[in-house]
Participant: 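To start, I am sharing the structure in question, which I have written as structure tokens.
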Number of protein chains: 2
Amino acid sequence: MKASDKVYESLRADIVEWKLAPGTVLGEVEQSERLGVSRTPVREALSRLVADGLAIQQRGRGTVVSEVSEDHVEDLFVLRVALECASARAAANSPKNGSFAQLAQRFERSAHEISVPGTREQYYQLVQLLDDSIDEAANNSYLSNALRTLRVHLQRVRRLAKDNPDRLKASAGEHAAIARAIASGNPEVAAAATTVHLHQSLTHIMTHAVGSERQ
Amino acid sequence: MKASDKVYESLRADIVEWKLAPGTVLGEVEQSERLGVSRTPVREALSRLVADGLAIQQRGRGTVVSEVSEDHVEDLFVLRVALECASARAAANSPKNGSFAQLAQRFERSAHEISVPGTREQYYQLVQLLDDSIDEAANNSYLSNALRTLRVHLQRVRRLAKDNPDRLKASAGEHAAIARAIASGNPEVAAAATTVHLHQSLTHIMTHAVGSERQ
DNA sequence: AGGCACTTCTGTGTATACACTTGAGCCATG
DNA sequence: CATGGCTCAAGTGTATACACAGAAGTGCCT
């Protein structure tokens, strides 16, 4: 793996995990010394971060980690609803949507087990599996690319709100509804279920977020 | 302006104008000599092109201009419908949608003048003005970013189909409908008008495209 | 004569040196 | 005392040199 890739992965992970807080200045020399590589791969990594929207280049001061505000979260979810609904529609229209019935069952089962300790990480993996399955069934590289960069931002926002068991249980049910709609090949229901889920998710973030963020 | 920016703009323009055909290998040394700069800014420009999806990095052979096929066009329009509908909805909900009534009038007027020679360039500028106005009214940076990269690809695809006066006249009417819906503050109508326009646009491309592309 | 291996060459990945822009601090002047 | 200009420093932008990997061509062996 290239050094620039390692730098990019490292910085991106640190940003989405809030180890590098918004407003942090990412100096090229500073980061190259910290990560033990020269400035060139650091520059390339910073360019990619700027392209992703995780950092912005300020004149003279260098690149700084971009801010995350409540307004941004709402804007982010407008885009998310648009993209994930389109993706769900495409997946429901796809001929290879056979695995979604099983996914729906797994979500329904996990809705009952969600209160058991240690199952949370497992649940997040299940969510990612559904996302990946929708992506694959939708089979649209442009959509996938847009969703990929969107999800990077979502990872960062997710840290704003603490998940609680009740929300996770409801979330599992909503995901099951999405999977069922796709399995039955009904694009409108799939899009509607996605809209419902994302609306609930945004509401939860906006009511459980502000004030107590920033670990 | 930075040298890397100039290189990026130059290469992007050449790609969307089909001066650099899909499959063309963009060697770092070759481009640095052609454009009179060192490899470093060329590398940065190529990275940005890859991030935009206009080029892909192949093992050993370097970066090549990405392909454009019919399937890609359909996929592109799935994403376009999702993004532009979301944008139109947001613009219709925005309080500062005052300029759209005037824009609608200008589109209705241009529908009559479209057959006059020399007005085509003027019409395209009007379309861009509408796009920019929607962007500004929607006031969503995530949406704007996604649309910006999308439109780069659209510029390239547009060269696949030749516009004719009839299509442009119909297009002007559809754009007027979008502007009117936004001006009246009706998000659902705005989204529907956008969907109609994009469907017609895609149909036109798919029927007037294949075989006679590649200048 | 064909296939495999070795060598060479082209091109990318990384490091480093140098120039230029910009920002901040200090001094001088109004 | 405040404001404007100058100087110095820090950091980015660009160029170039070097190292390494992959591909192609050629020669040798079977």
Side-chain angles (χ1 to χ4, degrees), chain A residues 1-16 19-67 141 145 148-149 152, chain B residues 1-16 19-67 141 145 148-149 152:
Chain A
M1 183 185 267
K2 294 190 295 185
S4 58
D5 289 337
K6 280 192 290 191
V7 174
Y8 171 72
E9 297 291 341
S10 168
L11 286 175
R12 192 187 61 173
D14 285 351
I15 291 175
V16 300
K19 289 175 183 170
L20 290 171
T24 307
V25 178
L26 301 172
E28 293 180 4
V29 268
E30 173 199 356
Q31 296 302 321
S32 66
E33 286 169 0
R34 185 172 75 95
L35 299 168
V37 293
S38 82
R39 275 181 56 211
T40 311
V42 172
R43 275 185 70 79
E44 189 168 330
L46 290 179
S47 296
R48 292 171 66 181
L49 289 174
V50 170
D52 288 344
L54 289 177
I56 52 180
Q57 276 184 326
Q58 287 191 352
R59 59 168 202 170
R61 268 213 303 166
T63 69
V64 298
V65 180
S66 60
E67 297 288 337
S141 61
N145 274 329
R148 194 169 40 78
T149 72
V152 174
Chain B
M1 184 187 265
K2 295 190 295 184
S4 58
D5 289 338
K6 280 192 288 190
V7 173
Y8 171 73
E9 297 290 343
S10 169
L11 286 175
R12 193 186 62 174
D14 285 351
I15 291 175
V16 300
K19 289 175 184 171
L20 290 171
T24 306
V25 178
L26 303 171
E28 293 179 4
V29 197
E30 173 198 356
Q31 297 301 320
S32 66
E33 287 171 357
R34 184 172 76 94
L35 299 167
V37 294
S38 82
R39 275 181 55 211
T40 310
V42 173
R43 276 186 69 79
E44 188 168 330
L46 290 178
S47 297
R48 292 172 66 182
L49 290 175
V50 170
D52 288 344
L54 289 177
I56 51 179
Q57 278 183 326
Q58 286 192 351
R59 53 164 199 173
R61 269 213 304 166
T63 70
V64 298
V65 180
S66 62
E67 298 288 338
S141 60
N145 274 328
R148 193 169 40 76
T149 72
V152 174

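Order of the sequence lines fixes the chain letters, A, B, ..., with proteins taken first and strands second; residue numbering starts at 1 for each chain.
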Participant: For the side chain of B:Arg39 and the base of C:dG13, is some donor closer than 3.5 Å to an acceptor across the two?
Facilitator: yes
Participant: Choosing from C:dT14, C:dG11, D:dT14, which nucleotide comes nearest the side chain of B:Lys2?
Facilitator: D:dT14
Participant: How close or far is atom C1' of C:dT21 from atom CD of A:Gln57, stated in whole angstroms?
Facilitator: 14 Å
Participant: Between C1' on D:dT12 and CD on A:Gln31, what's the gap in Å once rounded to a whole number?
Facilitator: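 So the two atoms are 15 Å apart, to the nearest Å.
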Participant: How long is the line joining CD of A:Glu33 and P of D:dG11, in whole Å?
Facilitator: 9 Å
Participant: Using the side-chain heavy atoms of A:Val37, tell me which of these nucleotides is nearest: D:dT14, C:dA15, C:dT14.
Facilitator: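 Out of D:dT14, C:dA15, C:dT14, the nucleotide with an atom closest to A:Val37's side chain is C:dA15.
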Participant: Could you please name the option among D:dG13, C:dT14, C:dG13 that lies closest to any side-chain atom of A:Glu28?
Facilitator: D:dG13
Participant: Are A:Arg43 and D:dT12 close enough that a side-chain N or O sits under 4.0 Å from OP1 or OP2?
Facilitator: no
Participant: Do B:Leu46 and B:Glu28 have side chains that get closer than 4.5 Å, going by heavy atoms?
Facilitator: yes
Participant: Within the structure, does a side-chain N or O atom of B:Ser38 lie under 4.0 Å from either OP1 or OP2 of D:dA15?
Facilitator: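 True: B:Ser38 side-chain N/O within range (under 4.0 Å) of D:dA15 OP1/OP2.
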Participant: Considering the options A:Leu49, A:Thr149, A:Leu26, which one meets the side-chain contact (heavy atoms from CB on, under 4.5 Å) requirement together with A:Leu54?
Facilitator: A:Leu49
Participant: Round to a whole Å and report the spacing from CD of A:Gln58 to C1' of C:dT22.
Facilitator: 13 Å
Participant: Quiz question: going by heavy-atom distance under 3.5 Å, is there a donor-acceptor pair between the base of C:dT14 and the side chain of A:Ser4?
Facilitator: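 Counting by modelled atom types and ignoring angles, no donor-acceptor contact under 3.5 Å is found here.
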Participant: Please determine whether a side-chain nitrogen of the Lys or Arg among B:Glu9 and B:Arg12 lies less than 4.0 Å from a carboxylate oxygen of the Asp or Glu.
Facilitator: yes
Participant: Distance check, rounded to the nearest 0.5 Å: A:Glu44 atom CD versus B:Arg43 atom CZ?
Facilitator: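 Reported to 0.5 Å precision, the distance equals 5.5 Å.
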Participant: Expressed in angstrom and rounded to an integer, what is the separation of B:Glu44 atom CD from C:dT12 atom P?
Facilitator: 16 Å
Participant: By nearest nucleotide on DNA chain C, pick out whichever of B:Val25 and A:Thr40 is the more 5' one.
Facilitator: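 Its nearest nucleotide being more 5', the pick is B:Val25.
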